[in-house]
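Okay, structure first, notes after.
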Amino acid sequence: MAQSNASQSSDFIRDIIDEDMRTGKHQGRVATRFPPEPNGYPHIGHAKSVCLNFGIAVQYGGTCNLRMDDTDPSGESMEYVESLIRDVKWLGFDWGDRLYYASDYYEKLYQYAVQLIRMGKAYVCSLSADETREYRGTFTEPGKESPYLNRSVEENLDLFTRMRAGEFDDGAHVLRAKIDMASPNITMRDPVMFRIKKATHYRTGDAWCIYPMYDFAHCLSDSIEGITHSICTLEFENNRPLYDWFLDQLQVEHHPQQIEFARLNLSYTIMSKRKLIELVEKGIVSGWDDPQMPTISGMRRRGYTPEAIRDFCERIGVAKNDSLVDMALLENCVREDMNTKTPRVMAVLRPLRVVIDNYPEGQVEEFDCPYHPQNAEMGTRKVPFSRELYIEQEDFMENPPKKYHRLAPGREVRLRYGYFVKCVNMVKDPNTGEVLAVHCTYDPDTRSGFAPDGRKVDATIHWVSASHSLPAEVRLYDRLFRVANPLKEDTDFIKFLNPKSREILKMCRLEPSLKNAVPGDKYQFERLGYFCADPDSSANIMVFNRTVTLRDTWAKIAEKGNV
Ligand code: ATP
Ligand code: MG
């Protein structure tokens with residue numbers, strides 16, 4: 001559970017709660033909720049809200065409910081509910097038995113609406129959608145009163161009952177709050193409370209054909225659950241007076257305080273479910289859990305850990321103004337977490353065959369290699385060494401430039417955990433000139449990694465034994481978008497996709513200790529980055545995702561303008 005590293009740092013929301021605790025508001029109770037609409041898989045932005053709401057509950061000894069805010073039948077589904085449950089749990093949070101659904105409150109909300117009609121505070125309006133918009137006015141001009149404003153309570157009750165009974169078509173009538181069409185805050189200009197929508201809801205089926213609007217449903221759902229602090233994102237700031245208006249009119253027992261904070265925006269990706277659905281539906285990604293997606297499920301599949309995501313959410317903190325957080329910060333949190341946790345192994349992504357001419361045919365040695373350089377408790381594994389190896393293609397150059405210190409004709413390097421080898425020859429494709437194999441000799445006296453005569457080498461490269469290594473597919477990921485803020489531009493965000501966001505390498509070789517790796521297992525492939533076994537792995541071939549590189553190479557590339 002996340003309780004152990006729940007945030008203890010302060011911010012303006014915790015300041016408000018501290019003050020409420022001091023003055024005894026809400027009788028010293030702290031009750032929050034995370035209220036997603038089940039119309040998509042949760043993303044890293046939701047994680048910020050999850051960590052904030054659950055983190056506060058843990059910190060103040062309160063409770064945090066998980067509530068499906070499912071008041072719109074279109075686009076909501078059980079699949080999304082399940083993803084939310086799975087991902088919030090995976091992030092390390094516990095809502096006990098407090099999983100709620102706004103759709104369970106439909107009857108209560110209906111009765112609240114009837115109460116407002118009886119009080120003369122709500123009316124059935126029969127303007128068309130276009131007329132309603134026109135009557136609403138603008139930021140600079142007040143709205144106009146609806147011609148239906150003064151319908152009698154009886155007529156309103158009759159119409160509202162018949163709306164519920166399904167007598168009217170979509171859009172024929174709506175129920176509106178009677179507030180003030182001249183209010184400078186457009187939200188307060190007689191907002192819609194219920195609308196007719198003849199659609200099947202994933203939970204209530206066809207029991208209802210009128211559905212409550214967010215502003216009406218949300219404050220009352222909070223109140224029904226006895227929430228004390230209703231934390232939401234900044235775009236709801238103008239809705240706060242309406243939130244309070246409904247609760248004040250109805251004189252409910254619990255009147256939570258709405259507090260707004262800035263939503264998370266992350267560079268080089270997008271955070272809107274509507275846009276993420278587009279990527280899924282157009283087949284641009286393989287699904288919601290594609291490791292390129294900023295979804296929790298995508299990040300999990302890619303190898304991100306709950307600890308890293310929680311650490312990230314804590315580091316970005318909560319503020320009152322919108323900003324764009326650098327993706328590099330998230331990646332660094334992942335890197336730091338992986339650094340301490342993952343065993344080191346050797347894998348070769350783009351293999352080049354190496355033959356050690358003076359190593360006896362058929363001979364195999366087993367090297368004991370530590371899993372972690374700083375953590376002996378992680379133990380060791382045996383890595384076989386033989387006459388034929390694979391190294392990375394990029395660790396050999398026929399004509400090396402000055403600063404290249406790795407293998408080259410006549411050049412000696414150290415094999416990680418093993419001998420010094422020296423390149424004596426190479427085999428090339430006569431047609432293309434491509435180097436097919438490199439021939440080396442080894443120095444049997446350098447088994448310790450050092451030469452008895454004290455001679456030095458400039459590079460240590462990783463390798464695997466050709467006949468012992470396992471085949472693998474490795475998927476490398478890069479930024480999903482070429483630009484930091486793809487939604488900022490006024491054009492189609494799809495065109496900013498990074499064509500190199502995924503590279504699939506099918507000829508990779510892994511050291512044999514990885515034989516029993518199962519999906520979700522995480523490793524550092526020495527010199528290459530952190531990797532996580534993918535569920536696509538089969539008995540024939542393992543599949544690994546690169547979680548993150550060892551260093552932030554992107555910042556450097558972007559600086560040079562090569563993307
Ligand atoms: P989206 O724009 O992705 O559809 P949403 O706000 O419509 O997001 P909800 O399911 O309504 O999605 O969100 C559930 C909760 O998560 C809300 O309280 C919302 O404020 C919060 N949330 C959503 N996106 C972010 C974000 N990027 N940063 C912080 N909190 C967020
Ligand atoms: Mg929403």
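Residues: numbered from 1 along the sequence shown.
Looking at residues two or more places apart in sequence or on another chain, you find no ring pair (Phe, Tyr, Trp, His ring centres under 6.0 Å) involving Tyr101. For Tyr202, there are no ring pair (Phe, Tyr, Trp, His ring centres under 6.0 Å) partners two or more places apart in sequence or in a different chain. When the salt bridge (Lys or Arg N to Asp or Glu O under 4.0 Å) test is applied to Asp368, the partners found at least two apart in sequence or on another chain are Lys382. Among residues two or more places apart in sequence or in another chain, the side chain to side chain donor-acceptor pair (under 3.5 Å) test is passed with Arg33 by His218, Asp222, Ser230. Every residue two or more places apart in sequence or in another chain that forms a ring pair (Phe, Tyr, Trp, His ring centres under 6.0 Å) with Tyr442 is listed here: Tyr359, Tyr419.
The environment of CE in Met507 is sparse: at most 12 heavy-atom neighbours from other residues, nucleotides or ligands sit within 6.0 Å. Counting non-hydrogen atoms of other residues, nucleotides and ligands closer than 6.0 Å to CD of Gln363 gives a total above 12.
Using modelled atom types, no side-chain atom of Asp289 and backbone atom of Ser297 make a donor-acceptor pair closer than 3.5 Å. Counting only distance, with no hydrogens or angles, the side chain of His43 and the backbone of Pro294 share no donor-acceptor pair below 3.5 Å. Under the 3.5 Å distance criterion, the side-chain polar atoms of Arg416 are left unmatched by any main-chain donor or acceptor of Thr460. Judged purely by atom type and a 3.5 angstrom limit, Ser501 uses its side chain to pair as donor or acceptor with the backbone of Asn498. The closest donor-acceptor contact from the side chain of Tyr404 to the backbone of Phe396 lies under 3.5 Å.
Side-chain contact between Ser49 and Phe261 is present, with heavy atoms from C-beta onward closer than 4.5 Å. Between Val383 and Glu366, the closest side-chain pair of non-hydrogen atoms is not below 4.5 Å.
Scanning all heavy atoms of the two residues, the minimum distance from Val81 to Pro38 falls at CG2-CB, 3.6 Å. Leu470 approaches Leu514 most closely through the heavy-atom pair CD1-C, 3.9 Å. The shortest non-hydrogen separation linking Val457 to Glu412 is CG1-O, 3.4 Å. When all heavy atoms of Pro409 and Glu398 are compared, the closest pair comes out as CD-O, 3.4 Å. When all heavy atoms of Leu279 and Phe493 are compared, the closest pair comes out as CD2-CE1, 4.1 Å. Considering every non-hydrogen atom in both Leu497 and Arg482, the closest pair reads O-NE, 3.4 Å.
Between Arg406 and Asp395, at least one side-chain N (NZ, or NE/NH1/NH2) sits under 4.0 Å from a carboxylate O, which counts as a salt bridge. In summary, Arg509 and Glu392 do not engage in a salt bridge, as defined by a charged side-chain N under 4.0 Å from a carboxylate O. Checked for salt-bridge contact, Lys428 and Glu434 miss the test: no charged N lies under 4.0 Å from a carboxylate O. Comment: Asp104 engages Arg203 in a salt bridge, judged by a side-chain N to carboxylate O separation of less than 4.0 angstrom. Between Lys48 and Glu314 no salt bridge is recorded (no basic side-chain N to carboxylate O distance below 4.0 Å). Under a 4.0 Å N-O distance rule, the pair Lys506/Glu473 qualifies as a salt bridge. Look at Glu235 and Arg263 and you find a salt bridge, because one of the NZ, NE, NH1 or NH2 atoms lies within 4.0 Å of a carboxylate O, short of that distance. Asp534 has a carboxylate O that lies under 4.0 Å from a charged side-chain N of Arg475, or vice versa, which qualifies the two as a salt bridge.
Distance check: Asp326 CG to Asn332 CG gives 9.5 Å after rounding to the nearest 0.5 Å. Taken from CG in Leu99 to CD1 in Ile85, the straight-line distance is 5.0 Å, to the nearest 0.5 Å.
For the 3.5 Å distance criterion, the side chains of Tyr41 and Glu79 qualify, holding a donor opposite an acceptor. Looking only at atom types and distance, the side chain of Arg527 has a donor-acceptor partner in the side chain of His462 under 3.5 Å away. If you check the side chains of Glu511 and Ser513, you find a donor sitting under 3.5 Å from an acceptor. Judged by distance alone, the side chains of Ser103 and Asp70 do bring a donor and an acceptor atom under 3.5 Å apart. A side-chain N or O of Ser74 and one of Asp72 form a donor-acceptor pair less than 3.5 Å apart. For the residue pair Asn545/Tyr477, the side-chain donor-acceptor check at 3.5 Å is satisfied.
Taking the six-membered ring for Trp and the full ring otherwise, the centers of Trp95 and Phe34 sit at least 6.0 Å from each other. Aromatic ring centres of Phe531 and Phe525: separated by under 6.0 Å. Aromatic ring centres of Phe385 and Phe367 lie closer together than 6.0 Å.
Under the 6.0 Å distance and 45° angle rule, Lys522 does not count as a cation-pi partner of Tyr530. Phe450 carries Arg414 over the face of its six-membered ring, with the cationic atom under 6.0 Å from the centre and within 45° of the normal. Cation-pi geometry between Arg455 and Phe420 is not met: the NZ or CZ atom fails to fall both under 6.0 Å from the ring centre and inside 45° of the normal.
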Point to revise | Trace of the salt bridge (Lys or Arg N to Asp or Glu O under 4.0 Å) decision for Asp87 with Arg300 | key: CA-CA 9 Å; Asp87 291 352; Arg300 172 170 57 234; 2.9 Å; yes
Exercise for review: For salt bridge (Lys or Arg N to Asp or Glu O under 4.0 Å), just list the numbers for Arg479 and Glu331, CA-CA rounded to whole Å, side-chain angles, deciding distance to a tenth of an Å, and then say yes or no.
Suggested key: CA-CA 11 Å; Arg479 307 288 150 101; Glu331 290 178 344; 2.7 Å; yes
Distance-only donor-acceptor pairs under 3.5 Å for side chains of residues 339-346, two or more places apart:
unit_1 : atom_1 : unit_2 : atom_2 : d
Asn339 : OD1    : Arg344 : NH2    : 2.6
Thr340 : OG1    : Asp337 : O      : 3.1
Lys341 : NZ     : Glu307 : OE1    : 3.2
Lys341 : NZ     : Asp337 : OD1    : 2.9
Lys341 : NZ     : Asp337 : OD2    : 2.9
Thr342 : OG1    : Met338 : O      : 2.7
Arg344 : NH1    : Asn339 : O      : 3.0
Arg344 : NH1    : Thr342 : O      : 2.8
Arg344 : NH1    : His372 : NE2    : 3.1
Arg344 : NH2    : Asn339 : O      : 3.4

